[in-house]
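Have a look at the structure below, then the notes.
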Amino acid sequence: MKIAFLSAFYPFRGGIAQFNASLYRQLERRHSVKAFTFTRQYPGFLFPGETQYVAPDDRADPVPAEPIIDTINPFSYVTAAARVAQFAPDALITKFWMPFFAPSLGFVSGKLRKRGVRVVSVLDNVVPHERRPGDAAMIRYFLKRNDGFVVMSKTVERDLLRWMPGARYRLKPHPLYDHYGARTDVAEARRRLGLPEDRKILLFFGFIRDYKGLDLLIEALPFLDETYHVVVAGEVYGSFERYRILIDRHGLAHRVSLFLRYVGDPEVPDFFSAADVCVLPYRSATQSGIVQIAFHFLVPVIVTDVGGLSEMVQDGATGMVIRDTEPQALATQVRRYFEQGLAAPFADRIARQREQFSWSGFADTVEELCASM
């Protein structure tokens, strides 16, 4: 099968590009695959981070993707569709994570579909975490220009069927991010990061956005004794001021270590190796690549019961699911995790279940869906 894959690839950074690279590498083992990417992913004024591109020392997989489409230049949609058509694929794969990409990806998908190309999209979300006027029209536009979908959580499955009853799709959980390498020594990782070696380390990792509930974790810390220490590692999308105010109000500066920047691939093993548990107190979610990074490093997680996030965690087996999202309730569950010595049994269960989340299995699902149409 000839497959065209249009989405974010190297030199763009972040979880989307990492996901695409891992799926691309599996598909290229079995098929003739060509990657296409953006000439411009986001205009600068819409991108809340520091840069959209990988750093020179990043381990990002340099997938040989051809840049063909500018998300805010409709003329490029026409030339991009023609360029993908020139490759003469049997199938086109895209990845959809926010309505902003609906016009560009939807146009190309629609044009290729009219040529008889089977069009499949991997849906991170159908409904975005942070909604804006016009989202509904763009979501409908994009969905109607696809033949099939792969969803990674029951929450996204429900959203898809709400917007497109009778949609052809497959449900397959998010694979583990396994390209970071092995764990490092705990004490050495903490020394390299300048963290206290004799504390219980709670890791909050990833882009810092309002819906991810960092404030809940900060406000839970006063209910825990001085042996508990929070590590916040990730680039801030928006302002960090509200979190600084909470830290100062509760006198927590000495108990919170801040790494407010994009964490490149070479540093990721140290953060997860240094952590006793990863805490994700999200207010909304579909699924999270952070859970799958944690599981790769055999680090259990404590998550809130929102969206598809709790689907990724077996409560009492690979982590803990919190149904009461008050700070004191979160603190109670964190304390229970340590007092009952749950880290080792949870890690053992994660290790036994890793094969369920392989990239090979995910590629099988995409391949089967394409072949079934």
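Note that the structure is predicted; figures quoted are calculated from it, not measured. One-based numbering along the sequence shown.
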State the [atom1]-[atom2] distance between [X] and [Y], to the nearest 0.5 angstrom.
X    : Y    : atom1 : atom2 : answer
R209 : E235 : CZ    : CD    : 11.0 Å
Q292 : R354 : CD    : CZ    : 10.5 Å
L252 : R244 : CG    : CZ    : 13.5 Å
Y77  : I69  : OH    : CD1   : 6.5 Å
I68  : T39  : CD1   : OG1   : 9.0 Å
L6   : F101 : CG    : CZ    : 10.5 Å

Given the side-chain rings of [X] and [Y], with only the six-membered ring counted for Trp, is the space between their centroids under 6.0 Å?
X    : Y    : value
F142 : F149 : no
Y141 : F107 : no
F362 : F19  : yes
F297 : F271 : no
F295 : Y177 : no
F357 : H296 : no

Hydrogens and angles aside, do [X] and [Y] bring a side-chain donor and acceptor to less than 3.5 Å of each other?
X    : Y    : result
H229 : S257 : yes
R158 : S153 : no
D270 : T184 : yes
Q353 : Q314 : yes

With a 6.0 Å cut-off (strictly less than), is the heavy-atom count around NZ of K2, excluding the residue itself, greater than 12?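 Enclosed.
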
Please check if the number of heavy atoms outside K154 that lie under 6.0 Å from its NZ is greater than 12.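 Not more than 12 within 6.0 Å, no.
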
Donor-acceptor contacts, no H, no angles, side chain residues 339-349, under 3.5 Å, sequence neighbours left out:
none

Residues in salt bridge (Lys or Arg N to Asp or Glu O under 4.0 Å) contact with E197, at least two apart in sequence or another chain: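 Residues passing salt bridge (Lys or Arg N to Asp or Glu O under 4.0 Å) with E197: R191.
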
Lys/Arg-Asp/Glu bridge criterion (N-O < 4.0 Å) met for D185, R190: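 No, no charged N to carboxylate O under 4.0 Å.
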
Salt bridge present between R261 and E267 (N-O < 4.0 angstrom):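 Judged by the 4.0 Å cut-off on N to carboxylate O distance, R261 and E267 do form a salt bridge.
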
Establish whether L195 and V186 are linked, either directly or via other cluster members, by ILVMFWY side-chain heavy-atom contacts under 4.5 Å.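 Different hydrophobic clusters.
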
In sequence, state the C-alpha distance, the side-chain angles, and the governing distance for D265 and R13, and then conclude on salt bridge (charged side-chain N to carboxylate O under 4.0 Å, His left out). CA-CA 10 Å; D265 289 0; R13 72 179 192 186; over 6 Å; no

Passes side-chain hydrogen bond (donor to acceptor under 3.5 Å, both in side chains), N146 versus S109? Steps please. CA-CA 7 Å; N146 285 267; S109 296; 4.5 Å; no

For salt bridge (charged side-chain N to carboxylate O under 4.0 Å, His left out), just list the numbers for D276 and K200, CA-CA rounded to whole Å, side-chain angles, deciding distance to a tenth of an Å, and then say yes or no. CA-CA 6 Å; D276 292 296; K200 304 177 183 79; over 6 Å; no

Kindly determine whether C278 and I290 satisfy side-chain contact (heavy atoms from CB on, under 4.5 Å), including the steps that lead there. CA-CA 9 Å; C278 183; I290 307 302; 4.0 Å; yes

Residue pairs, two or more places apart or on separate chains, that pass side-chain hydrogen bond (donor to acceptor under 3.5 Å, both in side chains) and touch residues 79-98: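 The answer is Y42-W97, E66-R83, R83-Q86, T94-S121, K95-D124.
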
Is the Y24 ring parallel, tilted or perpendicular to the F9 ring (thresholds 30°, 60°)?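 Rings of Y24 and F9: perpendicular, over 60°.
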
